[in-house]
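Throughout, a chain's letter reflects where its sequence line sits, starting with A, and its residues are numbered from 1.
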Number of protein chains: 2
Amino acid sequence: MSKDTRLARVAHVLVHMSFNEGTATSETIAAMLDTNPVVVRRIMGALREGGYVSSERGPKGGWRLERPLHKITFLNIYKAFEPGSPFTIATSDDHPKCVVERSANRALSLALSEAAARFEQALSKITLDQLLPGS
Amino acid sequence: MSKDTRLARVAHVLVHMSFNEGTATSETIAAMLDTNPVVVRRIMGALREGGYVSSERGPKGGWRLERPLHKITFLNIYKAFEPGSPFTIATSDDHPKCVVERSANRALSLALSEAAARFEQALSKITLDQLLPGS
DNA sequence: AATATTGTACTAGTAACAGTTACGAGTAGT
DNA sequence: ACTACTCGTAACTGTTACTAGTACAATATT
């Protein structure tokens, strides 16, 4: 599978947006990220649902940051994407007949849950203002 | 990405193999896992490198467990597969020019490392004999 | 009306594991 | 030697989720 790089990329963009009072168009942002405006709209669209940015159509439109950097955490962004499991690892089957296989799946699920909890805990401690140079 | 289910599946198989003194053929194992013999050979081949199982060709050949269940952990199996990062999440780029992006990547990498460490720690505590019914 | 901008449907590219077919390599029994 | 059995492996397809790109509709400003 290819990797999900949305979190790091959007964090980057939001920090840059905080420097400019007005709006940034998808095209501008796409140039920053070296990607396509449509990709930007998809990523930013998810953040809009969470109220972190807003968008306006038409001339002078674009994307606007709706919260200060210190009030946005990596966890906020991560959750906004409504990701599935962040792991490439999974149990073998949801409802195996064999008791041994069920045990194996249960044990693995527990390990995955613990790791996911630790991941989210770590993300929650990173606010976007921490990414500013010299902080 | 499709999910990697090798860990849970092979754990399951090794437990079953411990019940039978002799060897199990790829075909037998494949039937247990409801998959193809070639898939089994690929998975078991990785374990052979780690010394957990051995294989013999020819009639009466097949796969043999080389260690007792309590001496094989989920971490042993996981490592045998030499997986890449267990996460679907990744940083945006290895060597971004922008300082902010580098900060974002560094922060995310740290969170991923912590989660991965926790995952491996959890895996190391699971030995295969714990999967036996009534243990 | 003309222009700028987001919104979104559709298609193609990519990477890793799973699945399948085909065949080569080695071993045991006769 | 022959045959049958079994692993070893290459080559190809299927699956899935993110990335990328094209095309066009919807909307807002001037």
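Among all heavy-atom pairs drawn from B:Phe119 and A:Ala111, the shortest one is CD1-O, 3.7 Å. Taking every heavy atom of both residues into account, B:Thr28 and B:Thr25 meet most closely at OG1-OG1, 2.8 Å. Across all their heavy atoms, B:Gly61 and B:Thr23 have their closest contact at O-OG1, 3.1 Å. Closest approach of B:Gly51 to B:Glu66, counting heavy atoms only: O-CB, 3.5 Å. A:Thr91 and A:Ser109 make their closest contact through CG2-OG, 3.4 Å (heavy atoms, listed as atom of the first residue, atom of the second, distance). Annotation for A:Arg102 and A:Lys97: closest pair NH1-O, 3.1 Å, computed over non-hydrogen atoms.
Here the C1' atom of nucleotide D:dC7 and the NZ atom of B:Lys60 are 17 Å apart, to the nearest Å. The distance from atom CZ of B:Arg6 to atom C1' of C:dA16 is 9 Å, rounded to the nearest whole Å. Summarising the geometry, the separation between CD1 on A:Ile89 and C1' on C:dC17 is reported as 11 Å, rounded to the nearest angstrom. The distance between atom CH2 of A:Trp63 and atom P of C:dT6, rounded to the nearest whole Å, is 7 Å. Rounded to whole angstrom, the span from the CD atom of A:Glu27 across to the P atom of C:dT3 amounts to 16 Å. Taking atom CZ of residue B:Phe87 and atom C1' of nucleotide D:dA17, one finds them 17 Å apart after rounding to whole Å.
Here the rule is side chain to side chain contact (heavy atoms under 4.5 Å, CB included) with B:Leu123, and of B:Leu7, B:Asn76, B:Thr73 only B:Leu7 fits it.
Side-chain nitrogen and oxygen atoms of A:Thr5 include at least one within less than 4.0 Å of the OP1 or OP2 phosphate oxygen of D:dT19. Within the 4.0 Å cut-off from OP1 or OP2 of C:dT6, at least one side-chain nitrogen or oxygen of A:Ser26 is found.
Against DNA chain D, the stretch residues 29-44 of chain B makes heavy-atom approaches under 4.0 Å through B:Val38, B:Arg41, B:Arg42. The stretch residues 47-57 of chain B touches DNA chain D through B:Arg48, B:Ser55, B:Glu56, B:Arg57, each having a heavy atom under 4.0 angstrom from the strand.
Residue whose closest nucleotide on DNA chain D sits further toward the 5' end, between B:Ala24 and A:Arg9: B:Ala24.
Listed for the B:Asn105 side chain is no donor-acceptor partner under 3.5 Å among the backbone atoms of A:Ala8.
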message: One pair to check against side chain to side chain donor-acceptor pair (under 3.5 Å): B:Thr127 and B:Gln130. What are the steps and the verdict?
response: CA-CA 6 Å; B:Thr127 55; B:Gln130 292 169 22; 3.1 Å; yes
